[in-house]
Amino acid sequence: MVAKPEIVWGNTYGEYNGSRITDYKPSDDIGKELYSPNKEFETATTELSPFYKEIHDFILARLGHPVIRVELTEFQVKTAIDEAVQRMSYHAPVWTKQYAVFKTQPGENVYELPQYIADNLTYVIYKKTLLSIQAQAGTLEFDYFIKYFQDAHLFSDFSVGEFYILQMHLEMVRKILSQEGSWDVMNGRFLQVTPTPVIEDYCILEYRALDSNTIHYAYKSWIKRFALACSKEILGQIRGKFKTLPGPGGGSQLNGDLLMQQATQEKEQLIQELLSELEEPPLITTF
């Protein structure tokens, strides 16, 4: 039997103060195909969201519209924006982090997740009661194992390799000695938690979702430039069908090959910029 989780503390990607998993539909206008619970591939575009419209107008302006005719449909531009949004969502998991919490049911260990959460799930906190101690009165609780290593001065002259090995060791020790459960996603839709809950408990879902209301201008700029490069690639393929258009004086030369070359170079540069400047370094996200 598969249970449908009921949210109890809210969904950070929902409206103010959260919302319920079972009745919430993402209202954000970035990549509805990525986050909508009833997503369907669109073959036509009737109206662009405000976020997409801003990038759509930016792309057309940079390609010369309205001075120069741009042979791109609205849907073709939208697919270019979708590709840029998907790239950004995948490479920037830290600042796109969202949380949802639901209550587990006794005897049920399989739960059907909303598709927009299952597709972007990064971690599940289930029965995570770490073996920890109170460091001092009035201070935050410290992880017992981390505190032990700090008190023993084992963090001096620490290399990156040793840091990752320590993280792997701590994760294994926590699973053996603490009450942290394990989890897995089945068929891209169902969350299975282990051990099976015997009482009502809480399960915290961590997933990624872009929010147009809070996205930093630097990340929006990257999406605009990458979508522009993707649009150049599409336009280059269209214009590359014909090298020359017939007309007076020998006709007009099309720049399809040049656009394809520019698109390839710009996409490579932007991906490198994303990895080296915009994406969170692994050391920071792991710690």
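Residues take their numbers from the sequence shown, with the count starting at 1. This one's a predicted model, so the numbers in the text were calculated from it and none came from an experiment.
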Backbone of M260 reached by a side-chain donor or acceptor of T264 within 3.5 Å = yes
Give a yes or no answer on whether the side chain of S276 reaches the backbone of Q272 with a donor-acceptor pair at less than 3.5 Å.
-> yes
Heavy-atom pair of closest approach, residues A84 and A227 | CB-N, 3.8 Å
From L113 CG over to N120 CG, what is the distance, rounded to the nearest 0.5 angstrom?
-> 11.5 Å
Is L72 reachable from I68 through a run of hydrophobic residues whose side-chain heavy atoms are each under 4.5 Å from the next?
-> no
Please lay out, stage by stage, how L63 and L228 fare under the test side-chain contact (heavy atoms from CB on, under 4.5 Å).
-> CA-CA 8 Å; L63 291 176; L228 174 61; 4.0 Å; yes
Looking only at non-hydrogen atoms, find the nearest pair between G188 and D119 and report the distance.
-> O-OD1, 4.2 Å
Identify whether the distance between the nearest side-chain nitrogen and carboxylate oxygen of R225 and E266 falls below 4.0 Å.
-> no
Sorted by chain and residue number, the salt bridge (charged side-chain N to carboxylate O under 4.0 Å, His left out) partners of K220 (sequence neighbours excluded) come out as E54
Over 60° means perpendicular and under 30° means parallel, so classify the ring planes of W183 and Y123, tilted if in between.
-> perpendicular
What distance separates T73 OG1 from I238 CD1, expressed to the nearest 0.5 Å?
-> 7.5 Å
Looking at side-chain heavy atoms only, is the closest gap between L258 and Q262 below 4.5 Å?
-> yes
When rounded to the nearest 0.5 angstrom, what is the spacing between CZ in R239 and CG in L259?
-> 5.5 Å
Can Y52 and D82 be said to form a side chain to side chain donor-acceptor pair (under 3.5 Å), step by step?
-> CA-CA 9 Å; Y52 271 51; D82 283 339; 2.4 Å; yes
Of all the heavy-atom pairs spanning L274 and R87, show the shortest one and how long it is.
-> CD2-O, 4.1 Å
Does T96 use its side chain to pair, donor to acceptor, with the backbone of R208 at less than 3.5 Å?
-> no
Is there side-chain contact between I234 and T79, with at least one heavy-atom pair below 4.5 Å?
-> yes
Give a yes or no on whether the backbone of L205 and the side-chain of Y126 come within a donor-acceptor separation of less than 3.5 Å.
-> no
Would you confirm whether Y111, through its side chain, and V193, through its main-chain N or O, come within 3.5 Å as a donor-acceptor pair?
-> no
Do I117 and Y202 sit in the same hydrophobic cluster, where Ile, Leu, Val, Met, Phe, Trp and Tyr count as joined when their side-chain heavy atoms come under 4.5 Å apart?
-> yes
Between Y219 and M88 the two heavy atoms that sit nearest each other are O-CE, 3.7 Å
Under 4.5 Å between side-chain heavy atoms, hopping through other hydrophobics if needed: is there a path connecting V70 to V67?
-> no
Less than 4.5 Å apart, any side-chain heavy atom of K78 and any of H56?
-> no
Closest heavy-atom pair and its distance - L121, Y207 = CA-CB, 3.9 Å
Are V85 and I223 close enough that some pair of their side-chain heavy atoms sits under 4.5 Å apart?
-> yes
Pair E74-V77, side-chain contact (heavy atoms from CB on, under 4.5 Å): steps then yes or no = CA-CA 5 Å; E74 195 172 77; V77 176; 5.8 Å; no
Which value, rounded to the nearest 0.5 Å, describes the distance between I81 atom CD1 and S49 atom OG?
-> 8.0 Å
Salt-bridge criterion met for E83 and K267 (N-O under 4.0 Å) = yes
Separation between OG1 (T122) and CD (E206), nearest 0.5 Å, reads 3.5 Å
In this structure, CG of L60 is separated from CZ of R62 (nearest 0.5 Å) by 12.5 Å
